[in-house]
Amino acid sequence: MREITLHDTLLGEVVPLCTREPGRVGIYACGPTVYARIHVGNARQFVVFSLFKRFLQHEGYEVTLVANITDVNDKIYAAAAAAGVASPELAEAMTARYVADTDRLGLGRPDHEPLAGNTVAEIIALIQVLIDAGHAYTADGDVYFAVRSYERYGELSHRRLDDLDQGEGGVGAERKRDPVDFALWKGHKPGEDTSWDAPWGRGRPGWHIECSAMAEAILGLDFEVHGGGTDLIFPHHENEAAQTRAARGVPLARIWMHPGMVRLDSEKMSKSAGNTFLLHAALDAYGRDALIAYFCSAHYRAPIEFDDERLRAAAAAVGRLREVARRVVPGASPAWSAPLREEFFGALAEDFNTPRAMAAVFEWVRTANRASEAVGDYDLREMLGVLALDNVLEADPARGQATPQALALMREREAARRERDWDRADSLREELQRLGFAVRDGPDGPELLAL
RNA sequence: GGCGACGUGGGAGAGCGGCUAUCCAGCGGCCUGCAAAGCCGUUUACACCGGUUCAAAUCCGGUCGUCGCCUCCA
C-alpha cells in the first residue's frame, strides 16, 4: 500500500491521506442538482471521483463513495413550474436521466446516491442540535445558521467574514440577524410542492444542510475525503463544514478535494451561464473512451477546456492504445515494464496526477512497439484498468467483423499483388475501404481492419 | 474592491534547483510495390523585469495577462 497524498483545500497543500480505520476510505462528492440533463462539467466530478476510487481500491483500500443528488431546490421548482409538472416528477425524471447518462461512462455507480428528500429526519435532527447550541435561530418559519457564532467560519475558503460582499438580496434576507447568515430550513411558500413538517414549521431543507446530514448518516464524522467542484468551496462547503463542526464539535471531513472547472470558450461551463455541452451529446460525439482519456489528460485540479480539438486528440491517443493492443500477448510483462508501472502508480499516489500516469502508459506503449519479441500485457492491463480504459485492449465490439465478401476481395487483392498488378490491388483496396475495411500488409500477410 | 489559482515549444500538458516527460499535429527518414500501423529524427520551450545560487521553467520580489470564488452552480 503506497502512501497516498492529496491536495487539501483547507490547508492549501498536499497532505497524506490518513484513514480513521486502516484500509478504509469514505468519500463524499457533491453531485448535481437535477433540473436538467447533466453537462460535461458535472461529469468531470463523476469521472474524477470514480477513477480515484478505483485507484484506492487497487491500492487495497475498501472505499465507500457517496455522491448525492439534490432533488429539492428552488431551481427545480422553477423548472417544474415552467414545464407544467410537479417538482418531484421533474426531479425523478432528471435523476433517471442522470443515472442513464453517467452509466454510459462505464464507471459503475457510486456506492450511495442519497437524495435530500429521503434524509429529512436526519436533517431536522441536525438543525435542532444547532438551534439548541445557539448556532442557529428560527425566524418566521425559516431557520438560519448564525455565522458569527462559529469562530472558524471562513477557514476552508480562506476568507474573512469582513471581506465578503454582504449584499442583501435573496428571499428572507430581512429575516436574517446578519446578512452572512444562511438558511438551514426554508419555510413553505405557496407554489412549492415539496415540504415536510418540522418543529419550527412546515418547509424544506436549505441546500447546505442536506450534505452535512447525508454525509454523516452514511460515512460518519471526520471522514476521509469530501469533494466537489471548486465552485462549491464557497459557500457550500464552507457552510457544510461550519454546520457540522458547530453541531458536533468534530470536523466533517479530513481532506477537501476540489476538481477544477470545465471551460467552454475559456469560461466556466455552467447551467446558469447557459454555455453547456451535455454529457450524453459528448458521449455520442466522441465516445466514452475518448472522454475519459480527455479528463485524464489534465490534472484534476486544473481547469480544462472542452473543445473539439482536445477531444479529437484524446480520441487519437486512445487509438494508439488500441494499436498496441494488437501487438501485446497475454502474459507477464518484461522487466523494462516494472519501472514504468511504478511511475504510473506513483504518479496517481501523488495527488492523483493522471497526466503523469498517462505519460508512463505511453512510454510503455512505445517501448512495447519497439520490442521485436512478443510483449506480455499484464502491466498495461493493470494500469489501464485503474483508469477504466482496459477495454481498449479488447476487440472493439462496435466494430464489424470481416464479412465473407470482404475476405474474398482481400484474397483477390493478394492474387493481384502476387502478380505485381498494383493498379488492381489498389483498386481492390479502395473497394474494401468503401465496405468499411482497411487493409494492412504485414510480414504475416494482409490483415483486415474494420473502420 | 477582497481572497485564491495560473501563465511551458504549432496545440494540449507534466515538471517542485542540475538529468530526452508524454500526447496530438506538421516536416524529414526507416520499413512498405504504394499505403496503413510502427520506429527514428525534428525548429531545442518555459509571460516580462529584477534578485538568491556554482547552477532556476523550478526559490524570492515586482510588472503584465488569464481564470475562479465573493450570488444558484460540479
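A quick note: this is a predicted structure, and the numbers were derived from the prediction, not measured. Just so it is clear: chains get the letters A, B, ... in the order the sequence lines come, proteins before strands, and each one is counted from 1.
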Using the C1' atom as the reference point in each nucleotide, state the distance between B:G15 and B:U20 in Å, no decimals.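 Pairwise C1' distance, B:G15 against B:U20, rounds to 13 Å.
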Between B:C72 and A:Ser272, counting only base atoms on the nucleotide and side-chain atoms on the residue, is there a donor-acceptor pair under 3.5 Å?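 Present.
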Report the distance from atom CG of A:Asp231 to atom P of B:G68, rounded to the nearest whole Å. 11 Å
Does a distance-only test, which skips hydrogens and angles, find a donor-acceptor pair under 3.5 Å between the side chain of A:Arg301 and the base of B:A5?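 Between B:A5 and A:Arg301, which were checked side chain against base, a qualifying N/O pair under 3.5 Å is absent.
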Here the distance between atom P of B:C72 and atom OH of A:Tyr77, to the nearest Å, is 16 Å
Whole-angstrom distance between B:G1 and B:U58, as gauged at atom P: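 To the nearest whole Å, 27 Å.
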What nucleic acid atoms does A:Gly260 come within less than 4.0 Å of, heavy atoms only: base, sugar-phosphate, or nothing?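 Here A:Gly260 touches the bases of the nucleic acid.
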Side chain of A:Asp426, base of B:G33: donor and acceptor closer than 3.5 Å? yes
Nucleotide nearest A:Ala425 (side chain, heavy atoms from C-beta), chosen from B:G33, B:A37, B:A12: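 That would be B:G33.
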Below 4.0 angstrom, N of the basic side chain to O of the carboxylate: do A:Arg148 and A:Asp162 qualify?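 Yes.
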Determine the contact category for A:Arg440: base if any of its heavy atoms lies under 4.0 Å from a base atom, sugar-phosphate if only primed atoms, P, OP1 or OP2 are that close, otherwise nothing.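 It contacts base atoms.
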Quick one: pull up CD in A:Glu216 and OH in A:Tyr28 and give me the separation to the nearest 0.5 Å. 12.0 Å
When you look at A:Thr64 and A:Asp111, which way does the side-chain hydrogen bond (donor to acceptor under 3.5 Å, both in side chains) test go after all the steps? CA-CA 6 Å; A:Thr64 304; A:Asp111 301 289; 5.2 Å; no
Quick one: what's the B/S/- string for nucleotides 22-29 of chain B, heavy-atom cutoff under 4.0 Å, read 5' to 3'? SSS-----
Integer-rounded Å distance: B:C67 C1' and A:His258 NE2: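 Going from NE2 in A:His258 over to C1' in B:C67 covers 17 Å.
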Do NZ/NE/NH1/NH2 and the carboxylate oxygens of A:Arg413 and A:Glu430 come within less than 4.0 Å?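 No, no charged N to carboxylate O under 4.0 Å.
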Classify A:Gly41 by what it touches in the nucleic acid, base, sugar-phosphate, or nothing, heavy-atom distance under 4.0 Å. base
Toward the 5' end of RNA chain B, by each residue's nearest nucleotide, A:His236 or A:Arg417: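 Its nucleotide being nearer the 5' end, the pick is A:Arg417.
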Regarding the side chain of A:Lys271, the nearest nucleotide among B:G38, B:C67, B:A74 is B:A74
Using a 4.0 Å heavy-atom cut-off across all strands, classify A:Val324 as base, sugar-phosphate, or nothing.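 Since no nucleic acid heavy atom lies under 4.0 Å of A:Val324, the category is nothing.
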Pairwise P distance, B:G18 and B:C23 [rounded to whole Å]: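 To the nearest whole Å, 23 Å.
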Whether A:Thr33 contacts B:A74 is assessed here as follows: a side-chain N or O lying under 4.0 Å from the phosphate OP1 or OP2. Is that the case?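 A:Thr33 to B:A74 OP1/OP2: side-chain N or O found under 4.0 Å.
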Euclidean distance, atom CG of residue A:Leu348 to atom P of B:A14 [Å, nearest integer]: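 These atoms are roughly 14 Å apart.
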Report the distance from atom CG of A:Leu321 to atom CZ of A:Phe362, rounding to the nearest 0.5 Å.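 That separation rounds to 4.5 Å.
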On the nucleotide B:G15, are OP1 or OP2 found under 4.0 Å from the side-chain N or O atoms that A:Asn353 carries? yes
Could you give the distance separating B:C64 and B:C48 at their P atoms, to the nearest angstrom? 16 Å
B:A21 versus B:C16 - spacing of their C1' atoms, nearest Å: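 My reading of the C1' atoms in B:A21 and B:C16 gives 15 Å.
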Between P of B:C39 and CZ of A:Arg327, the distance in whole Å: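 Going from A:Arg327 (CZ) to B:C39 (P), I get 7 Å.
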Take the protein atom CE of A:Met410 and the nucleotide atom P of B:A35, then report the distance between them rounded to whole Å.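 About 21 Å, once rounded to whole Å.
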Round to the nearest Å and state the distance from A:Arg370 atom CZ to B:C31 atom C1'. 16 Å
So if I take every side-chain heavy atom of A:Phe234 and compare against B:A35, B:G38, B:C69, which nucleotide ends up nearest? B:C69
Looking across every strand, which nucleic acid part, if any, lies under 4.0 Å from A:Arg159 by heavy atom: base, sugar-phosphate, or nothing? base
A:Glu414 with A:Arg411: basic N within carboxylate O range, under 4.0 Å: no
A:Glu238 and A:Arg159: salt bridge (Lys or Arg N to Asp or Glu O under 4.0 Å), yes or no, with the steps? CA-CA 10 Å; A:Glu238 187 71 58; A:Arg159 55 191 80 195; 5.9 Å; no
Between B:C54 and B:C59, how far apart are the C1' atoms? Round to whole Å, please.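 Those two atoms are separated by 16 Å.
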May I ask you to verify whether the side chain of A:Asn73 and the base of B:C72 hold a donor-acceptor pair under 3.5 Å?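 Side chain to base: no pair below 3.5 Å.
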Are A:Thr194 and A:Tyr77 close enough, and set up right, to give a side-chain hydrogen bond (donor to acceptor under 3.5 Å, both in side chains), and what steps lead you there? CA-CA 9 Å; A:Thr194 43; A:Tyr77 292 143; 2.7 Å; yes
Parallel under 30°, tilted from 30 to 60°, perpendicular over 60°: which one fits the rings of A:Tyr153 and A:Phe234? perpendicular
Any Lys/Arg nitrogen of A:Lys186 or A:Glu192 sitting under 4.0 Å from an Asp/Glu carboxylate oxygen of the other?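 No, this pair does not count.
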Please confirm whether the ring centroid of A:Phe277 lies under 6.0 Å from the ring centroid of A:His39.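 Centroid separation for A:Phe277 and A:His39: 6.0 Å or greater.
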Between A:Trp422 (CH2) and B:C34 (P), how many Å, whole number? 9 Å
Which label fits A:Tyr294 and A:Phe306: parallel for a plane angle under 30°, tilted from 30 to 60°, or perpendicular past 60°?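 Judged by the thresholds at 30° and 60°, the geometry between A:Tyr294 and A:Phe306 is perpendicular.
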Using a cut-off of 4.0 Å on non-hydrogen atoms, how would the nucleic acid contact of A:Val439 be classed: base, sugar-phosphate, or nothing?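 Since a base atom lies under 4.0 Å of A:Val439, the category is base.
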For B:U71 versus B:G50, give the span between their P atoms, rounded off to a whole number of Å. 41 Å
So A:Ile233, base contact, sugar-phosphate only, or nothing? Heavy-atom distance under 4.0 Å. nothing
Counting any heavy atom closer than 4.0 Å, what does A:Arg413 reach on the DNA or RNA strands: base, sugar-phosphate only, or nothing? base
Minimum-distance nucleotide to A:Gln45 side chain [options: B:A36, B:C3, B:A74]: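 Side chain of A:Gln45 sits closest to B:A74.
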Given the C1' atoms of B:A35 and B:G9, what is the spacing between them in whole Å? 31 Å
Phosphate contact (B:G38 OP1 or OP2) by A:Asn369 side-chain N/O below 4.0 Å: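 False: A:Asn369 side-chain N/O out of range (4.0 Å or more) of B:G38 OP1/OP2.
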So what is the 5' to 3' dot-bracket string for RNA chain B, if pairs are Watson-Crick or G-U wobble with both distances under 3.5 Å, crossing pairs use [ ] and | means the partner sits on another strand? ((((((((.[[[..)..(...]]].(((((.......)))))....[[[[[..)....]]]]])))))))....
Between A:Glu210 and A:Thr119, is the side-chain hydrogen bond (donor to acceptor under 3.5 Å, both in side chains) condition met? List the steps. CA-CA 7 Å; A:Glu210 68 180 61; A:Thr119 321; over 6 Å; no
On RNA chain B, check which nucleotide each of A:Pro303 and A:Gly12 is closest to and give me the residue with the more 5' one. A:Gly12
